[in-house]
Structures are given as structure tokens and as C-alpha cells.
Amino acid sequence: MSALTATTRELMDTLVAFDTTSRDSNIDLIHFVRDYLSGHGIESTLIRDRDEPKANLYATLGPKDRPGIMLSGHTDVVPVDGQDWHSDPFRVTEKDGRLYGRGTCDMKGFIAIALAHVPVFLERGLDTPIHLAFSYDEEVGCLGVRHLIDVINALPIRPRMAIIGEPTEMQVIVAHKGKTDINVHVHGFECHSALAPDGVNAVQYAAELISHIAEMARRVAVDGPFDDEFDVAHSTLHTGLIRGGTALNIVPKDCRFEFEIRNLPQQDPQPLLDEIYRFARDELEPRMKAVHPDAGFDFDQGVQYPGLDMRPDDEAVTLVKALAGQNDHAKVAFGTEAGLFQRDAQIPCVICGPGSIAQAHKPDEYLSLDQLAAGQAFMARLADRVCAR
Ligand SMILES: [Zn+2]
């Protein structure tokens with residue numbers, strides 16, 4: 001094992017051992033990274049959450065007078081609750097050429113590789129700066145990074161481009177879909193089911209709206225817009241949760257459900273949302289209110305993030321293709337922070353990192369040693385590009 005690989009592995013062990021499940025704090029991990037960087041003479045900016053003990057970290061290696069390349073990753077991980085793990089998820093376990101542990105591929109492996117290369121970048125001297133941006137609360141809707149973006153937007157010199165090291169098996173990803181989650185509360189009016197017409201059935205009105213959403217989903221699948229580079233070539237609408245009613249002989253007074261829109265980056269989801277709101281307001285509520293004035297719909301927006309849409313001939317894409325040794329690119333359905341960086345900070349982003357999204361979020365999540373090596377080779381080529389010697 002090379003010294004660099006040994007360092008990467010050690011850093012991975014340390015990072016995975018911090019339980020940074022999104023509902024908990026990531027601050028111990030962030031303090032570790034801050035101390036590690038300061039050991040190499042690099043000062044970090046911590047952007048703390050106002051309410052919780054969580055923080056983003058931003059640091060610049062190399063010259064401060066010109067824009068550089070940002071290596072970006074989230075430090076939080078998804079829960080292991082209820083998952084059947086065959087090893088301790090918070091300890092990296094090597095078996096059959098794989099490194100098992102929560103976050104190994106999504107995405108502490110990438111962060112470990114980036115950190116292990118810090119001394120390499122510094123010893124060889126940077127012509128182009130490297131920015132490190134490590135966020136929190138990505139897995140619960142890309143929340144933490146929004147504060148980081150505010151700080152980046154206030155910097156005199158901002159990154160020229162970003163590489164988001166989400167697990168893509170080192171494929172070059174130039175686009176992903178956006179997402180909007182909506183929580184719906186249907187207010188009905190309760191009565192004995194024998195007197196059903198005197199009540200407003202919240203479950204049935206929910207069903208009518210859900211059917212309408214499903215109809216819209218079918219329409220979008222037929223009419224487009226389309227982008228064949230995505231696995232699912234059109235935007236999708238889907239209802240995933242529903243809860244309502246108390247007993248069969250009671251007309252239900254409440255029903256709650258959640259739906260989402262996953263939009264192609266070039267399709268604004270707002271007209272679709274407006275159409276759903278309009279249907280509820282114009283078609284359903286008049287009938288509900290005719291029975292009881294308080295009946296109706298409440299809509300509450302949950303997570304929303306934009307899609308990423310990079311031109312394949314953008315210089316950021318060309319560079320990442322060279323670093324990854326790839327000629328082609330792809331587009332993915334899953335969301336990342338890249339869309340926010342592109343929309344809110346105008347930073348061109350390309351997603352490329354070791355490990356597979358197929359292993360992310362699952363029990364026995366792993367990063368293969370091959371992917372780790374590929375990630376290191378990528379970083380070594382980046383060093384060749386940005387270093388003076
Ligand atoms: Zn991730």
C-alpha cells in the first residue's frame with residue numbers, strides 16, 4: 001500500500017467513525033477536518049447552523065488572488081435504523097476487496113481522498129487554488145449547503161468550477177433532475193358514515209386529487225418535454241405517502257398525503273404545481289365548502305432543489321472528463337447540491353466520484369478498493385493540472 005493510500009484509508013476510518021447521521025450533529029467531524037487542515041497550515045471557515053450543532057467547512061489551498069477548483073461533498077449520512085448490517089456501520093471493515101461502512105461511498109470516501117491529497121497539493125505548489133467545501137444536511141434536502149452558498153457569494157473571489165464527488169463510479173455527470181416535495185393536508189368534516197352526505201370525506205377528496213396528479217404524470221410521460229440522456233426521459237409526479245381516517249363508520253375529517261415532482265432541469269415545476277393547486281381550488285373545494293365552509297386543502301412545500309444542467313462543451317466538463325479518463329458523460333435522476341451551486345452561486349458543476357449510487361443508502365454500503373484507486377488516480381491527475389511542479 002502506498003503512503004498516500006494508507007493516509008486515505010486512515011482518514012476514511014476516522015471520517016466513517018463519526019456518526020454524522022443527518023438528524024445528529026456533524027460538528028466533531030468538522031472539527032477534525034479543521035484541525036487536520038490547520039496541521040497543514042490551512043485556515044478553515046466554519047459556517048455554523050443557527051439552531052443546531054452543525055457546520056459547513058470552507059477552505060482554500062494555494063493562491064488567494066484567483067478563482068480555483070472546488071472539491072465539494074456532504075459530511076452527513078443516511079440512518080442505519082432498521083437496516084441489516086453484517087459489520088459495524090461506523091467502522092470501516094475490509095472484506096473481499098471492499099470497504100464496508102456507512103458513508104464509504106456516499107461520500108466520505110471522496111472526502112478522505114481529497115483530504116489525503118492536501119499535503120500533495122501543498123508540497124507541489126498550487127498555480128490554481130483548490131477550494132474544499134464540506135456541507136451538512138444534504139441527505140435531508142440539501143439544506144446546509146444553502147448557508148455555505150451565501151458565504152461563497154459574499155467572497156471577493158469565488159470558485160471557477162466545482163467537482164461534486166457523489167458516487168458515480170467516476171462517470172462524468174453533467175445534469176440531474178430537480179425535486180419539489182409537497183405535504184398536503186385535506187380538511188374534511190366528520191360525521192356518522194350512515195349520514196355520509198352530511199360530512200366531507202377527506203380521504204375521498206385526497207383520492208380525487210391524487211388521481212388528478214397521476215393523470216398529469218401520465219400526460220407528462222406522453223407529451224414531454226423529453227431528454228433521452230436521462231434514464232426516465234421526462235419529469236415525473238408521484239404520491240408516496242398517505243394517512244387518513246379513524247374508523248370505517250366515521251366520515252374522515254383528516255387526510256394527509258405527500259407528493260413530489262422530479263423535473264427535468266429544463267422544465268420549471270411551477271406550472272405543474274399551479275395546475276394541481278388550481279384543480280384543488282376550482283374543482284374540489286367548491287364541492288367541499290358547499291357542505292362545510294372549513295373544509296378544504298392546505299399545501300405545504302417541503303424540500304425543493306433545482307436540477308443541474310451543464311452544457312457538455314463547458315470547460316468544467318472537459319476538465320473533469322480529462323481527469324476521469326472518460327470521453328462521454330451521463331445524466332442522473334438523483335439530486336445533489338450541484339443544482340443549487342449552479343443556480344444560486346453560478347458555479348459550473350460536474351458530478352464525479354468513486355463508488356456507486358447503487359450501494360448508497362443501503363445496508364452494507366461499501367466502496368470497492370478499485371473505486372478508491374480510481375478516485376485517487378483522478379485526484380492525482382487533478383494535482384498534475386493545478387500544481388506548479
Ligand atoms: Zn450523497
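Atoms within each ligand, like the ligands themselves, are counted from 1 in listed order. Not measured: the values here are computed from a predicted model.
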Self-check item: F226-L308 co-clustered via ILVMFWY side chain contacts under 4.5 Å
Solution: no
Quiz item: For N153 and R158, does a side-chain donor sit closer than 3.5 Å to a side-chain acceptor?
Solution: yes
Exercise. Can you list, by chain and residue number, the protein N, O or S atoms under 2.8 Å from the Zn ion (ligand 1)?
Key: H74 NE2, D106 OD1, E166 OE1, E166 OE2
Quiz prompt | Residues H234 and D223: side-chain donor-acceptor under 3.5 angstrom | solution = no
Practice problem: Tell me yes or no: between the side chains of R102 and Q83, is some donor less than 3.5 Å from an acceptor? | Solution: yes
Quiz prompt | Donor + acceptor pair across side chains of H329, E229 (<3.5 Å) | solution = yes
Quiz item: Quick one: do R219 and E275 make a salt bridge, cutoff under 4.0 Å?
Solution: yes
